[in-house]
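For reference, the structure discussed in these notes is given below.
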Amino acid sequence: MKHILRAFLLVTFVTLLSACGPSAEDQLATVAALVAETVAAIPTQAPQATLPPLPTYTPQATFTAVPSQTPLPTYTPYPTYTPPATATESPTATETVAPTAAATTSGQPAPTSAPVVNVSEQLATKIQDELTRIDIIRGAFLPLSPGGGGTLTEQPTDCGAIVSSYDSIANVFTVDVSAQSPNVQNAYGIYRAATDTVLNLLAPWVEICRTDLASGVSRRIIDQNQYGILRQALDQPIGQLNQAINSLQLP
């Protein structure tokens, strides 16, 4: 704004000088002096600051491929289950009553009558023996299991103890209970059903052990997880056998 005003005054001054009559040379000298003074009064523009250089580009690290994963070993399936042959039931036992001895005058003592069969006691004894055999089998599967099992994947089994106990369980107690009390009949039905379940669960393992024993091998390595499934499945028939014993104890 100041520069515009000063230029305007300069022009006015030149006009006035022209009107007053100075010579053209004087007027030019005066104008040149005023122009030089005006130019000198203009402030010099400060130079702009130098921009700092940008940082050098650093390339990213080269990608390292992930190593290939080692494939898991191929799973070996267990032998296909072959159901055992149907057991042939023993002939039904019937209570027999000895004939009453006829009176005699020979002085000889009368023959002693045959003892009456107590089906309830025999059934209770058989059920308790089966529970003991099941415990033997479960122990024979893991005879060296440390601290109750669970830390090792495979354990040796005692095939001799398993086969012997299984055959004892398979020797089913058979009796006609139609004339017995309802408690005895109920206990007998539970015993037979639970025994069938036990035999079916153990049959595949027992057949493998029979094959091993026939070839001279008394122990077999089994998978801990498969045995855990078997042990859990046996809990149901064990509970039923205990229920049958409780039923026999009822009046």
>> Considering only residues two or more places apart or on different chains, which pairs with a residue in residues 230-251 satisfy ring pair (Phe, Tyr, Trp, His ring centres under 6.0 Å)?
In response: none

> Does Thr125 reach the main-chain N or O of Glu121 with its side chain, forming a donor-acceptor pair under 3.5 Å?
Replying inline: yes

> What distance separates Glu130 CD from Gln128 CD, expressed to the nearest 0.5 Å?
Replying inline: 10.5 Å

> Should Gln226 and Phe141 be marked as a side chain to side chain contact (heavy atoms under 4.5 Å, CB included) after you check the CA-CA gap, both sets of side-chain angles, and the distance that decides it?
Replying inline: CA-CA 11 Å; Gln226 293 294 329; Phe141 272 116; over 6 Å; no

>> Once rounded to the nearest 0.5 Å, what's the spacing between atom CD1 of Ile245 and atom CG of Leu250?
In response: 12.5 Å

> To the nearest 0.5 Å, what is the distance between CG (Asp176) and CD (Gln185)?
Replying inline: 9.0 Å

>> Please check this pair: side chain of Tyr188 against backbone of Val119, looking for a donor-acceptor N/O pair closer than 3.5 Å.
In response: no

> Can you name the nearest heavy-atom pair linking Ser168 to Asp129, along with the distance?
Replying inline: OG-OD2, 3.4 Å

> Of the non-hydrogen atoms in Ala233 and Leu201, which two are nearest, and what is the gap between them?
Replying inline: O-CD1, 3.7 Å

> Ser181 and Asn183: side-chain donor and acceptor closer than 3.5 Å?
Replying inline: no

> Are any non-hydrogen side-chain atoms of Leu230 and Leu202 less than 4.5 angstrom apart?
Replying inline: yes

>> Quick one, Ile190 with Leu241, criterion side chain to side chain contact (heavy atoms under 4.5 Å, CB included). Give me CA distance, side-chain angles, the key distance, then yes/no.
In response: CA-CA 7 Å; Ile190 295 174; Leu241 293 172; 5.9 Å; no

> Under 3.5 Å, side chain of Asn171 to main-chain N/O of Asp167, donor-acceptor pair present?
Replying inline: no

> Is it true that Arg210 and Glu207 make a salt bridge, defined as a side-chain N closer than 4.0 Å to a carboxylate O?
Replying inline: yes

> Between Ala244 and Ala187, which heavy-atom pair has the shortest distance, and what is it?
Replying inline: O-CB, 3.5 Å

>> Any side-chain to backbone donor/acceptor pair from Ser165 onto Ile162? Under 3.5 Å, distance only.
In response: no

> What's the verdict on side chain to side chain contact (heavy atoms under 4.5 Å, CB included) for Tyr166 and Val198, showing C-alpha distance, side-chain angles and the deciding distance?
Replying inline: CA-CA 9 Å; Tyr166 179 87; Val198 171; over 6 Å; no

> Can you get from Val206 to Ile136 by hopping between Ile, Leu, Val, Met, Phe, Trp and Tyr side chains that sit under 4.5 Å apart?
Replying inline: no

> Do Thr197 and Gln236 have a side chain donor and acceptor closer than 3.5 Å?
Replying inline: no

> How long is the gap from CD1 on Ile137 to OG1 on Thr132, to the nearest 0.5 Å?
Replying inline: 11.5 Å

> For the side chain of Tyr227 and the backbone of Arg138, is there at least one donor-acceptor N/O pair under 3.5 Å apart?
Replying inline: yes

> Under 3.5 Å, is there a donor-acceptor pair between the side chain of Thr195 and the main chain of Tyr191?
Replying inline: yes

> Can Ile134 and Ile238 be said to form a side chain to side chain contact (heavy atoms under 4.5 Å, CB included), step by step?
Replying inline: CA-CA 8 Å; Ile134 294 175; Ile238 289 175; 3.8 Å; yes

> How many angstroms lie between atom CG of Leu234 and atom CG of Asp135, to the nearest 0.5 angstrom?
Replying inline: 10.0 Å

>> How long is the straight-line distance from NZ of Lys126 back to CG of Leu131, given to the nearest 0.5 Å?
In response: 11.5 Å

